[in-house]
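Whatever order the structure lists them in is the order used to number ligands and atoms, beginning at 1. As the structure is a prediction and not an experimental result, all values here were calculated from the model. The residues of the chain are indexed from 1 along the displayed sequence.
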Amino acid sequence: MFAGFLEVGLIRRARKKTLFEVRVHNLRDYARGKHRQVDDRPFGGDEGMVFMPEPVFAAVEAVRESPRTPVYLLSPQGRRFSPALAAELAAQPQVILICGRYEGVDERVVQHLVQDEISIGDYVLSGGELAAAVVIDAIGRLQEGALNDSESANQDSFEDGLLDCPHYTRSDSLGTDGVPPVLLSGDHAAIKRWRRQQSLGRTWLRRPDLLERLELSPEDQKLLSAFRAALPPDPNKPEKP
Ligand code: ADE
């Protein structure tokens, strides 16, 4: 499950430059007994299986480079993954991510081994691996030297807590139809203003929760007011008498 994204684009480059390293471990390698069993039925009887604590403790013990290495469990019960948490993890010399499967992991792993549980969103995946891949990708991008120049420039527009503006490029079949004229004007200051306004406007339309956390400058407020004023009237909103 990890082979694909580790071999593509920015993450591949960062690994090749040894800016960061990803090691994937199979829990079964740390299980004892002939069958190398890692899961069992839960006490109290319930549907499904639960990861047994021993293989998880043994695996963490084997791969941990320092007692200070934080251990996280990917689970829908976790703290929501965020840019702040990504930055926190990216700053660590080593991070261990445990991927749950089945119905979960013996709670004593959570109590005694895990620093925190991390959820990537309010939906249930069939395992923690894809969630871990999301976390690894986000950590990889934040390594010093991972982004090339154009990626860094683009990143800035996300770092400020706003959604990205729309992008257009050459199209043989569509020509410049539907492309905002300002983008063809060559006026770089006007283009920069337009992009900022689109970012503000889209964030206001789609993610007002993000906007509430920001303190907008007077210029930003003006750009947003103009964006709102230029919107077509909302058909669901009754006209004021
Ligand atoms: N495992 C299953 N669902 C998950 C989610 N939403 N986030 C993190 N880990 C998970």
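With rounding to the nearest 0.5 Å, the separation of CG in D40 from CE in M52 is 5.5 Å. Atom CG in L89 sits 9.0 Å away from atom CD in Q115 (nearest 0.5 Å). Note that the CD atom of E61 and the CD atom of E54 stand 13.0 Å from one another [nearest 0.5 Å].
Residue-environment remark: CD (E7) exceeds the threshold of 12 foreign heavy atoms within 6.0 Å. Atom CZ of R36 has more than 12 heavy atoms from other residues, nucleotides or ligands within 6.0 Å.
The nearest protein atom to atom 7 (N) of ligand 1, hydrogens excluded, is given as I120 N, 3.0 Å; this is a heavy-atom distance. The protein non-hydrogen atom at the shortest distance from atom 6 (N) of ligand 1 is Y123 O, 2.8 Å. In terms of protein heavy-atom proximity, atom 9 (N) of ligand 1 is closest to S75 N, 3.1 Å.
Between L125 and ligand 1, at least one pair of N/O atoms sits closer than 3.5 Å.
In this structure, I118 is part of the shell of residues with a heavy atom less than 4.0 angstrom from ligand 1. Using a 4.0 Å cutoff on heavy atoms, C99 does not count as a contact of ligand 1.
Using cut-offs of 30° and 60° for the angle between ring planes, the W194 and Y168 rings count as tilted.
Atoms of ligand 1 lying under 4.0 Å from at least one heavy atom of S119, given by number and element, are 6 (N), 7 (N), 8 (C).
Neither the backbone nor the side chain of D122 has any atom closer than 4.0 Å to an atom of ligand 1 (non-hydrogen atoms only).
Here the shortest heavy-atom distance to atom 1 (N) of ligand 1, taken over G100, P76, A131, belongs to P76.
Residues L19 and F5 fall into different hydrophobic clusters, defined by Ile, Leu, Val, Met, Phe, Trp and Tyr side chains chained together at heavy-atom separations under 4.5 Å.
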